[in-house]
Amino acid sequence: MEEIPSLLPIYNAPTLKDEEGDKSLEKIPLTIVTGYLGSGKTTLLNHILSEHHGKRIAVILNEFGASSDIEKRMTVGQGDEQVEEWLELKNGCLCCSVKDSGVKAIENLMQKRGKFDYILLETTGLADPGPIIDIFWMDDDLGSSVYLDAVITVADAKHVLEYLTEAPIDPEDKTPLENGINIATRQIALADLILLNKTDLIDQERRTLVEQELGTINDSASLIRTERSIVPVHKILDIKAFDAEVTTKVLEIHAKDTQSGQLPTNVHTISLSFPKGSSIQRKALEGWLQTFLWEHRLPEDVDSDVEPMVILRSKGIFRDAETDELLGIQGVHELYEITPLPPHPTKGVNWSQGKVVFIGKGLDKGRLVSSLEKATGLSPIQ
Ligand SMILES: Nc1nc2c(ncn2[C@@H]2O[C@H](COP(=O)(O)OP(=O)(O)OP(=O)(O)O)[C@@H](O)[C@H]2O)c(=O)[nH]1
């Protein structure tokens with residue numbers, strides 16, 4: 001591996017406004033790198049920082065801890081408590097190590113606009129990336145200067161199956177985790193791209209099994225096999241995973257139904273396709289989606305005590321019956337966003353049918369199909 005460039009301290013970095021005026025208004029893409037302890041996240045960042053890719057990347061080595069603490073950390077430690085150190089690398093990248101309050105670090109980072117055009121944020125191995133994604137995806141203040149490009153999960157090919165079967169207990173404070181889904185499973189379920197790292201440590205048979213199990217949980221993510229986290233930078237940055245056109249492409253290729261695999265995680269992918277060429281009443285679909293995401297139950301089950309269906313990630317594409325627009329759906333936990341595709345999609349985007357894909361726990365396809373039919377009048381193809 002190439003040597004990591006040596007670090008030089010920077011002082012009073014000029015903002016882009018000082019140097020280039022209005023360009024400071026452009027949004028900066030942010031990629032979240034997550035993955036369980038020792039999977040190869042830092043190795044990946046070091047690889048990116050030592051490559052000559054022409055990008056000026058700001059890296060935030062974050063110390064976000066347990067998910068429940070994040071809100072607290074956003075409000076405390078805004079002042080002097082924050083430990084933050086900025087360094088500029090020889091290849092133009094910036095590096096920041098933050099002990100606390102990662103959101104504040106991004107805000108501080110934005111004052112150095114002009115020194116970088118990409119942000120990479122590494123979570124700790126024990127963090128549920130869900131709340132971190134929510135912050136960077138939906139936060140109005142940050143949202144005006146930063147946009148979430150993708151969530152990359154680095155998986156340790158040798159140990160990931162073991163981690164996926166761990167008890168759903170917070171590894172830091174040992175309290176039971178919400179909905180009984182452990183951290184490693186959440187990290188895989190929320191990935192837009194999985195780097196299956198340390199493939200040198202397993203044989204082909206084992207690799208097939210691991211890939212099957214990861215695909216069982218999340219069939220809508222791409223997977224790249226790596227050793228020492230080495231991967232061409234263009235394959236992992238600027239993926240635009242939350243973009244409606246990209247969603248369309250992803251749903252064409254990926255996102256088949258998966259049955260529960262051999263692991264007892266009970267988290268898997270369900271894909272519901274509508275008849276070719278059909279359109280859907282947006283209001284009906286959205287009303288159904290809101291109940292499902294917010295109540296963890298189908299509308300007809302809201303007042304019953306059926307087992308909840310917990311959604312970690314959702315994606316979709318459909319044509320609105322009223323406006324004839326093509327719309328993309330993106331959801332992380334309870335939050336979702338519906339955005340239109342451009343009227344003339346870019347080459348390679350072929351829309352043929354509406355589709356919604358859910359990654360979650362306890363999903364019952366038969367019940368989802370009949371519930372969606374009831375709400376929209378359209379029956380998903382079984
Ligand atoms: N054999 C092998 N070892 C690897 C590979 N990638 C990384 N490692 C080693 O695995 C160890 C952990 O890698 P890190 O990059 O520190 O992992 P991390 O995800 O940042 O770890 P935490 O910060 O503890 O969560 C280091 O000793 C790496 O050198 C690989 O592909 N194969």
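Just follow the structure's listing: the first ligand is 1, and inside any ligand the first atom is 1. Keep in mind the model is a prediction, meaning the values are calculated, not measured. Below, each value reflects all heavy atoms present in this structure, side chains not excepted, and no hydrogens, waters or symmetry copies. Residue numbers start at 1 and run along the sequence shown.
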Original post:
Closest non-hydrogen protein atom to atom 21 (O) of ligand 1, residue and atom name please, with distance?
Top reply: Gly38 N, 3.0 Å
Original post:
Can you list the atoms of ligand 1 that are under 4.0 Å from a heavy atom of Glu227?
Top reply: 31 (O)
Original post:
Shared ILVMFWY cluster between Leu237 and Ile224, side chains joined below 4.5 angstrom?
Top reply: yes
Subject >> Closest contact, heavy atoms only, Ala127 versus Ile132 >> reply: CB-CD1, 4.3 Å
Original post:
Closest non-hydrogen protein atom to atom 17 (O) of ligand 1, residue and atom name please, with distance?
Top reply: Gly40 N, 3.1 Å
Subject >> Rounded distance (nearest 0.5 Å) linking atom NE2 of His47 with atom CG of Leu45 >> reply: 10.5 Å
Original post:
Do Asn182 and Tyr163 have side-chain heavy atoms sitting under 4.5 Å apart?
Top reply: no
**OP:** For atom 16 (O) of ligand 1, find the nearest protein heavy atom and state the residue, atom name and distance (0.1 Å precision).
**Re:** Thr42 CB, 4.0 Å
Subject >> Flag for Glu300-Ser371: side-chain donor and acceptor within less than 3.5 Å >> reply: yes
Subject >> Reported OG1-to-CG distance for the pair Thr185 and Asn179, which is rounded to 0.5 angstrom >> reply: 12.0 Å
Subject >> Flag for Thr376-Gln281: side-chain donor and acceptor within less than 3.5 Å >> reply: no
Subject >> Proximal atoms of ligand 1 relative to Leu37 (non-hydrogen, under 4.0 Å) >> reply: 25 (O)
Original post:
Can you tell me which residue and heavy atom of the protein come closest to atom 15 (O) of ligand 1, and the distance to 0.1 Å?
Top reply: Thr43 OG1, 2.5 Å
Original post:
Got a salt bridge between Arg297 and Asp303, using NZ or NE/NH1/NH2 to carboxylate O under 4.0 Å?
Top reply: no
Subject >> Nearest candidate to atom 18 (P) of ligand 1, where distance is taken over non-hydrogen atoms, out of Arg228, Glu122, Lys41 >> reply: Lys41
Original post:
ligand 1 versus Asp200, non-hydrogen atoms closer than 4.0 Å: side chain, backbone, both, neither?
Top reply: side chain
**OP:** Report the part of Leu201 (side chain from C-beta onward, or backbone N, CA, C, O) that has a heavy atom under 4.0 Å from ligand 1; answer both or neither where that applies.
**Re:** side chain
Original post:
Charged N to carboxylate O under 4.0 angstrom, Arg282 versus Glu325?
Top reply: no
Subject >> Flag: protein heavy atom within less than 4.0 Å of atom 27 (O) of ligand 1 >> reply: no
Original post:
Among all protein non-hydrogen atoms, which one is nearest to atom 5 (C) of ligand 1, and what is the separation to 0.1 Å?
Top reply: Lys198 CG, 3.6 Å
Original post:
So which heavy atom in the protein is nearest atom 6 (N) of ligand 1, and how far is it from that ligand atom?
Top reply: Asn197 ND2, 3.0 Å
Subject >> Heavy-atom gap Ser39 to ligand 1 smaller than 4.0 Å >> reply: yes
